Structure formats: structure tokens, C-alpha cells
Amino acid sequence: MQDLDCILHKEEIDRITSSLGNQITRDYRNKDLVLVGVLKGAFVFLSDLARKIDLPLVIDFIQVGSYGNDTVSSGMVCLKKNLDMDVCNKDVLIVEDIVDTGITTGYLLEHVFSLNPRSVDICTLIDKQINRKRDIRIAYAGSVAEDGFLVGYGLDHAEQYRHLPEIYRLPKS
Ligand code: IMP
Ligand code: MG
């Protein structure tokens, strides 16, 4: 993509999803795995990751809002779409595109925890630790990113760029 600086190429993304898929396959054997994709950003990552997990599993989606169209978190989280499935006594793995401040992920952990799962953990493609405001435990992180706003492979800016096959850093405006 013109004018965008690629920070994760296809081959690297494929290596990351394979490695995470192998770890999850090892860790969730004999469990009751529910992958919960966080809409909209995680839809591309979830679809690749799920196909790298060699176990029975089910998939659900949840949607929260926090960012609006800005590149800075508003700090406010609201539930836009709840889970369809009952996750009571299931092993829930929340699949995120990126954890930035951790406010969204913290909210999701508390929300899913209130539904009485057997376990709940986080798998994120990108861990942007520099802006972290909440101390959350991330069980699986594909890649650690520096500061900067990232787009592509599901990640958007004002709903644009989600369809790009690789991950890019937006130039500072
Ligand atoms: P947090 O609550 O600050 O951790 O932000 C989590 C959500 O903000 C993610 O699920 C993304 O949808 C969005 N987000 C945070 N950083 C970026 C970015 O660099 N690019 C695109 N979306 C982002
Ligand atoms: Mg977003």
C-alpha cells in the first residue's frame, strides 16, 4: 500500500498465527474451547488462528466500542453485541487484534468472567505495551509493537484499511 510503512509482512503473520495455534493446541487439549473474536478488528486474525488450532472448538463474537473514529482511546467502553453462546463452564479464549491501553480487554475479562466460564484468557495478535493503563495478563501475544497507529489485517482507522493483507503503521498527521 502506497505511503504506508509495512511492519508485519504476510510471512511473519503466518509464522505468528502458526506458532500461537500450536501453543493453544497444546494448552487446550481436553478442555472445552470457545474462541471469542472481538469485533470488528479481530475477524481476520481469528479466521487464520482458528484454522491453525488442531482441536474441537466453537467460535462466537462480541463487540465493544471505545475508540470512535479517533486514534486515541476515549477510555469509555460499552457493550455493543453480547455473546450468543452460553459460556458457563467453558474455556474461553478472547481473541483481540491489538491490546493498547488494556481498558477494552480489562472490561471484556470482567464481563466474560461474570458469565461463569471455567477459564478465561486473552490471545492478541499485537501487544502495544507502551500505552498500557490497566495491568492485565495476556496469555498469548503474537507480536509486541512500538508506539504508532496500526492498520490492516482487520485493524482500521475510521473503518478504512481492514482488508489489507499485511499490517502497516499510519504516518503521523
Ligand atoms: P484499548 O482499550 O486501548 O486496549 O484498545 C483496544 C482496541 O482499540 C482494539 O481492540 C482496537 O480495536 C483499537 N486499537 C488500539 N490501538 C489500535 C491501533 O494501533 N490500530 C487500530 N486499532 C487500534
Ligand atoms: Mg478499532
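Counting convention: from 1, in listed order, for ligands and their atoms alike. All figures in this text were calculated on a predicted structure; none of them were measured in a lab.
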Quick check on [X] - does any of its heavy atoms sit under 4.0 Å from an atom of ligand 1?
| X | answer |
| --- | --- |
| Thr105 | no |
| Val38 | no |
| Gly102 | yes |
| Asp156 | yes |

Quiz prompt | Option whose closest heavy atom lies nearest to atom 20 (N) of ligand 1, chosen from Ile167, Leu150, Val77 | solution =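 Residue with the shortest heavy-atom distance to the ligand atom: Leu150.
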Quiz item: Any idea which of Val151, Thr101, Asn131 brings a heavy atom closest to atom 1 (P) of ligand 1?
Solution: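 Looking at heavy atoms only, Thr101 sits closest to atom 1 (P) of ligand 1.
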State, with a plain yes or no, whether a side-chain heavy atom of [X] is found less than 4.5 Å away from one of [Y].
| X | Y | answer |
| --- | --- | --- |
| Phe45 | Leu20 | yes |
| Val58 | Leu33 | no |
| Leu109 | Ile122 | yes |

Quiz item: How are the rings of His157 and Phe149 set relative to one another: parallel (under 30°), tilted (30 to 60°) or perpendicular (over 60°)?
Solution: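 Ring orientation, 0 to 90° scale: perpendicular.
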Quiz item: Under a 4.0 Å heavy-atom limit, does Lys128 contact ligand 1 with its side chain, its backbone, both, or neither?
Solution: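 The answer is the side chain of Lys128.
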Exercise. Tell me which part of Leu155 gets within contact of ligand 1: side chain, backbone, both or neither, using heavy atoms under 4.0 Å.
Key: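 Only the side chain of Leu155 comes within reach of ligand 1.
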Quiz item: Does the pair Arg169/Asp147 count as a salt bridge with the N-to-O cut at 4.0 Å?
Solution: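 Looking at Asp147 together with Arg169, the answer is no, because their closest N to O distance does not fall below 4.0 Å.
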Self-check item: Sub-4.0 Å atoms of ligand 1 with respect to non-hydrogen atoms of Thr104
Solution: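 Those of ligand 1 that fall under 4.0 Å from Thr104 are 1 (P), 2 (O), 5 (O), 6 (C).
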Quiz prompt | Under 4.0 Å to a heavy atom of Glu96 - the qualifying atoms of ligand 1, by number | solution =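 By the 4.0 Å cutoff, the relevant atoms are 10 (O).
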Quiz item: What distance do Leu155 atom CG and Leu125 atom CG have between them, rounded to the nearest 0.5 Å?
Solution: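 Atom-to-atom, Leu155:CG and Leu125:CG are 7.0 Å apart.
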Quiz prompt | Over 12 foreign heavy atoms within 6.0 Å of CG, Asp14 | solution =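 Count over threshold, so yes.
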Quiz item: Has ligand 1 got any nitrogen or oxygen that is less than 3.5 angstrom from a nitrogen or oxygen of Phe149?
Solution: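 It does not: no N or O of Phe149 is found under 3.5 Å from an N or O of ligand 1.
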Quiz item: Looking at Phe43, does the NZ or CZ of Lys40 lie under 6.0 angstrom from its six-membered ring centre and within 45 degrees of the ring axis?
Solution: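 No.
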